[in-house]
Amino acid sequence: MKGRCVIVTGVPGVGKTTVVNGALKLLDGEGISYKTLNFGTYMFEIAQKEGIAKDRDEMRRLQKDIQKKLQKHAAQAMAKEEGNVLIDTHASVKTPNGYLAGLPEWVLRELMPDTIVLVETNEDQILIRRLTDETRTRDLEGSYSIGEHQQFNRAIAAAYSMMTGCTIKYITNADLLLEKAVEDMAAVLR
Amino acid sequence: MKGRCVIVTGVPGVGKTTVVNGALKLLDGEGISYKTLNFGTYMFEIAQKEGIAKDRDEMRRLQKDIQKKLQKHAAQAMAKEEGNVLIDTHASVKTPNGYLAGLPEWVLRELMPDTIVLVETNEDQILIRRLTDETRTRDLEGSYSIGEHQQFNRAIAAAYSMMTGCTIKYITNADLLLEKAVEDMAAVLR
Amino acid sequence: MKGRCVIVTGVPGVGKTTVVNGALKLLDGEGISYKTLNFGTYMFEIAQKEGIAKDRDEMRRLQKDIQKKLQKHAAQAMAKEEGNVLIDTHASVKTPNGYLAGLPEWVLRELMPDTIVLVETNEDQILIRRLTDETRTRDLEGSYSIGEHQQFNRAIAAAYSMMTGCTIKYITNADLLLEKAVEDMAAVLR
């Protein structure tokens, strides 16, 4: 990878994709382009290629060691992509057994990103966005719990920064201020 | 270690042992068992076996490098225990020179836990529990300071998760709701 | 380095230097001395010696890999200093692309500090101090943003502690209570 590597994260419902797409459109007009990679999708493609898993369910049920190796391989392959790369993933994932690091050490060492972005907003706004989004069924979670998840993401992002030397950028995607979020994202990618 | 490895942490007075014992009793009825290890005790036993320290005071006064080696050896021995292991320790310890990591990198790399649990509750409840516990003499600490310690534990737990890929589970042990905490702990261990 | 290594950090305007100087003066009377090193200055001197950069601007524009190597060399040289060492630096630096780790992994592994101090105070007090300090021109930043920066520093300090086993000490430098901050700092260095 000779271009820049920016990882974009955000809890479900914060509007990460909308902000990213807006920013990429803006940059397109300026002649700046990024290849967007979804970490989960990319990992699944590697799993299929290596004959490790046939579908996503199978991938989730892999033994811990194999999953780890798969994550590492996916990160290595991503790091070889040419030009600017934007990786869409989660700082952490909420599971029944607690928060799971989206970017564990062995993934970070391969990717060595320039910047990790946390798209955030007030937890109440996220709650309402989730409740009114009819295109997806999400686990029901209260405001308090969403806020806690965002706090965890800030903490783990700090650890990511220690490990890689990348910068950690908070971008607020507040109600009625999408344009501001898009501009902030474009400024990071520019 | 072929079973699961769960590390349980919590500031003094939060009721960690009560919650753990309740959960283990519950699981016992379901045929699930865990070997409970106390990190400090385990380390001391290793220190005695290796002829490094005769008592706990001597262990605390060891040179930094020797202490580090001892921690690593203890972690390696723990990782060799068969079956499910529950390790009782602290996410961080409050010392006169500040917070000390309970699970530094060289310990984590050996243990590679599945989950780290943070038993928590409102700092005022912890304060009252400490003041009314006549079986132990603890350093006097105000609510604000207890809250700060719990915050530090959340932050360092996020770093632990980055390093090992383990999940971080917060379990609340609130007044009058011990049964809920026990059930939550059992769910993690199940 | 056979003495102690203490790293002192704090956001601009918190009064870090005043607290450090007060503490060192106090300790001087007790026959305890520290060599104070500024990480940035030290790094620049190494850069000049190695012919990597002629001025600080050039140093900031170095390629990422070279900057990383330079940071590592500076840390290695600092670790070789005899006696007690106090390193003046930042837990994180606020840049247009987000927070940048002041002590990334490759620096920490060389320094392996005993303690990292975070000099802190209420964000409003810092704001006022910045606005009334006519000796320096600083970027204008609101209270909320200063508070956020201090929170990030606490989170990343926890990660530093996990990586090195150093203790993390918060020292409050509140208005009208400089003497208390100086005494707390002296206690850490003593």
Side-chain angles (χ1 to χ4, degrees), chain A residues 1-10 23 79 84 86 91-92 99 101 103-106 108-109 111-122 147-148 150-172 174 183-190, chain C residues 7 9 39 43 60 62-72 74-75 89-111 113 116 118 141-142 144-166 168:
Chain A
M1 185 192 323
K2 276 145 210 159
R4 293 180 65 217
C5 174
V6 177
I7 299 179
V8 181
T9 69
N84 298 324
L86 185 156
S92 74
Y99 297 112
L103 297 159
E105 187 248 6
W106 51 91
L108 289 172
R109 285 206 189 273
L111 291 179
M112 288 305 265
D114 295 288
T115 298
I116 298 177
V117 176
L118 271 64
V119 182
E120 302 176 327
T121 193
N122 177 296
E148 194 184 88
Q150 290 197 120
Q151 276 306 113
F152 186 85
N153 286 345
R154 285 192 171 196
I156 203 162
Y160 295 160
S161 158
M162 180 270 289
M163 187 55 75
T164 63
C166 73
T167 56
I168 302 298
K169 181 72 177 177
Y170 304 157
I171 291 184
T172 305
E183 189 38 69
D184 288 348
M185 182 70 82
V188 170
L189 299 172
R190 199 166 274 139
Chain C
I7 300 179
T9 69
F39 196 87
M43 210 167 96
R60 260 186 292 272
L62 289 172
Q63 252 192 296
K64 233 178 127 177
D65 280 4
I66 296 170
Q67 195 138 32
K68 204 169 149 175
K69 222 167 87 183
L70 179 57
Q71 287 176 333
K72 209 171 161 164
T89 190
H90 292 285
S92 74
V93 177
K94 200 167 188 167
T95 78
N97 277 343
Y99 297 113
L100 181 71
L103 297 159
E105 187 247 6
W106 51 92
V107 168
L108 288 173
R109 285 204 190 275
E110 302 299 337
L111 291 179
I116 298 177
L118 272 64
E141 191 185 15
Y144 178 86
S145 173
I146 296 169
E148 194 184 87
H149 191 176
Q150 290 199 119
Q151 276 306 114
F152 186 86
N153 285 345
R154 285 192 171 197
I156 203 162
Y160 295 162
S161 158
M162 180 269 291
M163 188 54 76
T164 63
C166 74
I168 302 297

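Numbers restart at 1 for each chain; the letters A, B, ... are given by sequence-line order, proteins then strands.
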Nearest-0.5 Å distance that lies between atom CD in A:E105 and atom OG1 in A:T164: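 Output value for this atom pair is 11.5 Å.
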What part of A:T115 gets within 4.5 angstrom of chain C, counting heavy atoms only: side chain, backbone, both, or neither?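 Interface part for A:T115: side chain.
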Does any backbone or side-chain atom of A:Y160 lie under 4.5 Å from a heavy atom of chain C? Answer side chain, backbone, both or neither.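 Contact with chain C is absent: no heavy atom of A:Y160 under 4.5 Å.
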Between A:Y170 and A:Q150: side-chain donor-acceptor atoms closer than 3.5 Å: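 A:Q150 and A:Y170 do not have a side-chain donor-acceptor pair below 3.5 Å.
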Are any non-hydrogen side-chain atoms of [X] and [Y] less than 4.5 angstrom apart?
X	Y	result
A:I7	A:L103	yes
C:M163	A:M163	yes
C:H149	C:S92	yes

Residue, of A:D184, A:V6, A:I171, A:I168, that accumulates the most heavy atom pairs under 4.5 Å with chain C: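 Answer, by heavy-atom pair count under 4.5 Å with chain C: A:I168.
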Flag the one option from C:E148, C:M162, C:Q151, C:K68 with the top tally of heavy-atom pairs under 4.5 Å to chain A.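 Looking at each of C:E148, C:M162, C:Q151, C:K68 in turn, C:E148 comes out on top.
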Looking at C:V93, C:N97, C:N153, which has the largest count of heavy-atom pairs under 4.5 Å with chain A?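 Most pairs with chain A among the choices: C:N97.
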